[in-house]
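These numbers were taken from a predicted model, which means no experiment stands behind them. A, B, ... follow the sequence lines: proteins, then strands. Residue 1 opens every chain.
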Amino acid sequence: MANIAALPDPQAYMALVWDIVRMVPAGQVTTFGQIASMIPPPPGVDERDYARLAPRFVGDAMNAVSWKDEATVPWHRVINGKGEISLPPDTKAAALQRARLRDDGVMEGDMESVDLGRFGWEGPPADWLAARGLHSPKPLRRPPDERPQQMALF
DNA sequence: CGTTTGACTACGC
DNA sequence: CGCGTAGCCAAAC
């Protein structure tokens, strides 16, 4: 399973991912891995292996966002675990994503990455997740006092 | 019809 | 902290 098409119900998976992405507010970002962490593996698949494979499925789901759906699915708020845009750097789509992230205020100046500790999403409401049998998301945002203090050594 | 190629991540060095 | 690798499928070339 290294492809969304290998899942038992690719369409349902994609619809669920889109529903989750729709909930990410402006000014915050989520990651492929965070979304994947909410969706349980199919029966018989090892949870640990799945955690490494599933983020690609989320990528597939984002890749499938057409220009028509683009208005209702804020795909640009989904980035990789390093806080970077995962689209090929020199593409039109990547440029658009950078512009959108700047508009959202999460990518400052000429930065090429987003500080997940500051702008990471906390995930959907707990009852929304519970109603669908989903896991609680992997945490991205750090409490302000746990943020790295770069000059702390001096 | 055989190869290549992924909107990724965890883990081991 | 950076780099390589496994995962092991399906669709595009």
Side-chain angles (χ1 to χ4, degrees), chain A residues 1-107 111-124 129 134-142 146-154:
Chain A
M1 274 192 315
N3 182 315
I4 192 174
L7 291 171
D9 191 345
Q11 297 235 330
Y13 186 91
M14 198 176 80
L16 181 54
V17 170
W18 286 20
D19 281 345
I20 293 173
V21 174
R22 274 188 260 262
M23 303 180 75
V24 183
Q28 292 179 45
V29 294
T30 184
T31 68
F32 300 98
Q34 187 186 39
I35 292 176
S37 73
M38 304 182 212
I39 305 175
V45 178
D46 179 58
E47 185 103 30
R48 196 166 173 74
D49 291 336
Y50 189 72
R52 288 176 300 169
L53 294 174
R56 289 187 100 101
F57 308 156
V58 177
D60 291 338
M62 287 302 96
N63 196 37
V65 176
S66 69
W67 291 104
K68 172 172 152 263
D69 302 306
E70 202 246 355
T72 61
V73 182
W75 56 270
H76 67 278
R77 301 193 182 121
V78 186
I79 57 183
N80 68 30
K82 294 177 295 193
E84 300 167 338
I85 289 172
S86 275
L87 248 19
D90 296 328
T91 60
K92 223 173 183 177
L96 178 61
Q97 186 168 19
R98 270 190 295 272
R100 290 262 174 80
L101 289 173
R102 268 197 298 272
D103 285 347
D104 279 357
V106 298
M107 235 180 60
M111 291 278 114
E112 285 296 313
S113 66
V114 176
D115 185 347
L116 293 176
R118 281 203 293 160
F119 302 113
W121 187 37
E122 293 180 345
L129 292 169
L134 301 177
H135 298 153
S136 65
K138 174 180 72 173
L140 296 179
R141 186 196 293 257
R142 287 186 297 277
E146 278 185 33
R147 254 184 268 151
Q149 300 285 326
Q150 297 240 354
M151 295 291 109
L153 289 175
F154 294 91

inquiry  = Could you walk me through whether A:I20 and A:W121 satisfy the side-chain contact (heavy atoms from CB on, under 4.5 Å) test, starting with their C-alpha distance in whole Å, then the side-chain angles of each, then the deciding distance to 0.1 Å, before giving a yes or no?
reply    = CA-CA 11 Å; A:I20 293 173; A:W121 187 37; 3.8 Å; yes

query = Stepwise, does the side-chain contact (heavy atoms from CB on, under 4.5 Å) test hold for A:I85 with A:L101?
reply = CA-CA 10 Å; A:I85 289 172; A:L101 289 173; 4.0 Å; yes

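Here the separation of C:dC13 from B:dA7, taken at their P atoms, is 12 Å to the nearest Å. Rounded to a whole angstrom, the distance from the P atom of B:dG2 to that of C:dC8 is 23 Å.
Put simply, CD on A:Q34 and NZ on A:K138 are 7.5 Å apart, with the number rounded to the nearest 0.5 Å. For the atom pair A:L140 CG and A:T31 OG1, the distance stands at 5.0 Å (nearest 0.5 Å). Taken from CZ in A:R48 to CG in A:L53, the straight-line distance is 12.5 Å, to the nearest 0.5 Å. Atom CE in A:M38 sits 5.0 Å away from atom OG1 in A:T30 (nearest 0.5 Å). Atom CZ of A:F57 is separated from atom CD1 of A:I35 by 14.0 Å, given to the nearest 0.5 angstrom. The distance from atom CE of A:M62 to atom CE of A:M14, rounded to the nearest 0.5 Å, is 8.5 Å.
Taking a 4.0 Å limit (strictly below) on heavy-atom distances, residues 77-86 of chain A reaches DNA chain B at A:N80, A:G81, A:S86. Listed by residue number, the members of residues 8-23 of chain A with any heavy atom below 4.0 angstrom from DNA chain B form an empty set. Within residues 37-70 of chain A, the residues having any heavy atom closer than 4.0 Å to DNA chain C are, in order of number, A:R52, A:L53, A:R56.
Counting only distance, with no hydrogens or angles, the side chain of A:E84 and the backbone of A:S113 share no donor-acceptor pair below 3.5 Å. The backbone N or O of A:G120 sits less than 3.5 Å from a side-chain atom of A:R141, completing a donor-acceptor pair.
In this structure, the side chain to side chain contact (heavy atoms under 4.5 Å, CB included) partners of A:A93, at least two apart in sequence or on a different chain, are A:L87, A:T91.
A 4.0 Å heavy-atom criterion places the boundary nucleotides of DNA chain B facing chain A at B:dG6 to B:dC11, written 5' to 3'.
Residue pairs satisfying the side chain to side chain donor-acceptor pair (under 3.5 Å) criterion with at least one member in residues 69-78 of chain A, sequence neighbours excluded, are listed as follows: A:R22-A:T72, A:S66-A:D69, A:E70-A:W75, A:E70-A:R100, A:H76-A:D104, A:R77-A:D104.
Heavy atoms of other residues, nucleotides or ligands lying less than 6.0 angstrom from CE of A:M111 number 12 at most.
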